[in-house]
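It should be emphasised that the depicted structure is a prediction, and the values quoted were computed from it without experimental measurement. Each chain gets a letter, A, B and so on, in the order the sequences are listed, and its residues count up from 1.
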2 protein chains.
Amino acid sequence: MNKTAKSSKTGAIRTRNTRNILVAAEHEFVLYGYKGTSMQAIADRAQLPKANILYYFKSKEKLYIAVIEGILELWKAVFGEIKEEDDPAEELERFIRVKIDMSFKHPRASKLFAMEIILGAPHIENYIKTDMRSWLMEKCHVITRWIELGKMEPIDPMQLIFMLWSSTQHYADFDTQVLILMDRKSYKPTDKEQISRALSEIILRGCGLVPSHLKK
Amino acid sequence: MNKTAKSSKTGAIRTRNTRNILVAAEHEFVLYGYKGTSMQAIADRAQLPKANILYYFKSKEKLYIAVIEGILELWKAVFGEIKEEDDPAEELERFIRVKIDMSFKHPRASKLFAMEIILGAPHIENYIKTDMRSWLMEKCHVITRWIELGKMEPIDPMQLIFMLWSSTQHYADFDTQVLILMDRKSYKPTDKEQISRALSEIILRGCGLVPSHLKK
DNA sequence: GTCTATAATCAGATAGAC
DNA sequence: GTCTATCTGATTATAGAC
């Protein structure tokens with residue numbers, strides 16, 4: 001009984017500390033890159049002694065991988081399914097909205113993922129080969145069916161999906177550049193809506209579809 | 001006379017070494033990031049003693065900045081002008097082709113630039129605020145004029161340009177991911193044409209324009 | 001101009017007290 | 001479980017011989 005009470009309490013501290021460390025690590029890794037981040041800096045941000053970080057995560061690399069895995073979980077939880085019975089315009093528009101939303105809500109996750117890929121995806125090659133690949137293939141298949149059913153113009157499904165990814169992630173990964181060019185300190189709440197709309201308009205019309213705000 | 005001959009010869013070695021170092025540095029920085037790259041690794045790749053690198057460039061950071069500046073020069077040399085008398089379809093298509101060409105020819109330049117921006121653009125903030133910003137404003141102005149003249153659909157010029165940038169750079173910055181997903185080791189010569197065409201088709205149609213390969 | 005040897009610093013990891 | 005003190009190795013940069 002005593003033991004149970006003790007360990008559950010300890011577990012709570014453990015959970016809280018682990019979470020703090022992961023958040024702090026994500027911040028630092030995005031600010032300075034993997035090598036440029038010191039365990040000391042993560043410890044300072046998490047307000048814990050450096051040795052504790054290495055107590056919870058055995059090494060810097062294991063901590064980094066844990067951060068990346070958290071991001072993959074977040075990714076997976078968000079992307080819904082599409083079916084050939086669905087309306088392409090609605091689904092593409094929804095996808096753009098969700099991804100822009102992610103870019104605004106979790107810019108650091110997007111950036112860390114981007115850096116990982118730019119540096120050759122050493123830690124997530126397997127994820128790309130399996131989960132991401134099968135997700136993409138499914139989507140390509142549905143889009144191909146939509147085209148066969150005459151629901152949209154015949155375009156390369158894979159390039160379309162790459163375009164959806166890149167044009168939405170741009171607002172997270174390159175926010176520094178985008179904000180300087182827009183002469184802003186940070187995004188405004190209304191930006192999300194305006195950008196989603198602009199992207200939807202170009203991409204949907206590009207597929208021979210009509211975005212909802214232009215219907216009727 | 002002697003002195004001139006000597007210095008010109010020395011200058012030649014200097015030029016060659018400088019070039020070698022810059023190329024080697026670009027490779028290493030893209031592979032391992034700024035902090036993850038050691039001067040030793042650059043020296044090894046350039047086949048020079050480590051101290052020589054620091055003789056030519058006074059510090060690691062100065063070398064990094066030199067690499068970045070080389071990339072900016074490359075960028076500037078490529079992007080042409082557009083005028084309101086020009087045909088939007090032709091110009092957008094040309095721009096996409098040129099940028100995809102850059103992505104295939106200089107993927108490392110694109111990646112290094114991307115990493116720099118993701119990490120907060122500490123070394124190129126000024127470039128973005130001045131050169132890049134004025135370039136963007138000019139282009140936005142011409143596109144606005146095109147819209148006023150009824151040459152294309154009314155879309156947000158800035159988001160259009162961001163989309164052109166992001167969707168083309170994606171093939172350089174994320175080549176690792178793209179190639180794994182396409183189940184390839186490297187891009188084929190025909191990919192460039194196919195991708196340019198797919199992007200042009202979606203984006204031009206998205207602007208209410210007709211891509212050249214669909215005309216008539 | 002070129003290169004060897006070395007100084008000075010800082011990182012990740014660990015041992016061991018509490 | 002938590003934290004202080006320390007070890008080990010690597011890195012940038014420099015001093016000085018050639």
>> Any donor-acceptor pair under 3.5 Å linking the side-chain atoms of B:Asp175 with those of B:Tyr187?
In response: no
>> Ring-plane angle category for B:Phe79 and B:Trp135, please: parallel below 30°, perpendicular beyond 60°, tilted otherwise.
In response: tilted
> Are A:His123 and A:Glu69 linked by a side-chain donor-acceptor pair shorter than 3.5 Å?
Replying inline: no
> Looking only at atom types and distance, does a side-chain atom of B:Ser110 sit under 3.5 Å from a main-chain N or O of B:Ala172, one as donor and one as acceptor?
Replying inline: no
> Rounded to whole angstrom units, what separation is found between the CG atom of B:Asn17 and the C1' atom of C:dC3?
Replying inline: 13 Å
>> Applying side chain to side chain contact (heavy atoms under 4.5 Å, CB included) to A:Lys192 and A:Arg97, what does each step give before you reach the verdict?
In response: CA-CA 8 Å; A:Lys192 216 162 68 173; A:Arg97 200 166 300 275; over 6 Å; no
> Taking DNA chain D as the partner, which of residues 53-64 of chain A come within under 4.0 angstrom of it by heavy atom?
Replying inline: A:Tyr55, A:Tyr56
> Near DNA chain C, under 4.0 Å by heavy atom, which residues of residues 21-48 of chain B?
Replying inline: none
>> What's the closest nucleotide to the side chain of B:Ala51 if the choices are D:dT12, D:dT14, D:dC3?
In response: D:dT14
>> Taking CZ in B:Arg184 as the centre, count heavy atoms belonging to other residues, nucleotides or ligands within less than 6.0 Å. Is the count above 12?
In response: yes
>> OP1 or OP2 of C:dC3 versus the side-chain N and O atoms of B:Asn52: is any pair under 4.0 Å?
In response: yes
>> Tell me whether B:Asp86 contacts the main-chain N or O of B:Lys83 through its side chain, where contact means a donor paired with an acceptor under 3.5 Å.
In response: yes
> Side-chain donor-acceptor pair under 3.5 Å between B:Asn20 and B:Gln47, yes or no?
Replying inline: no
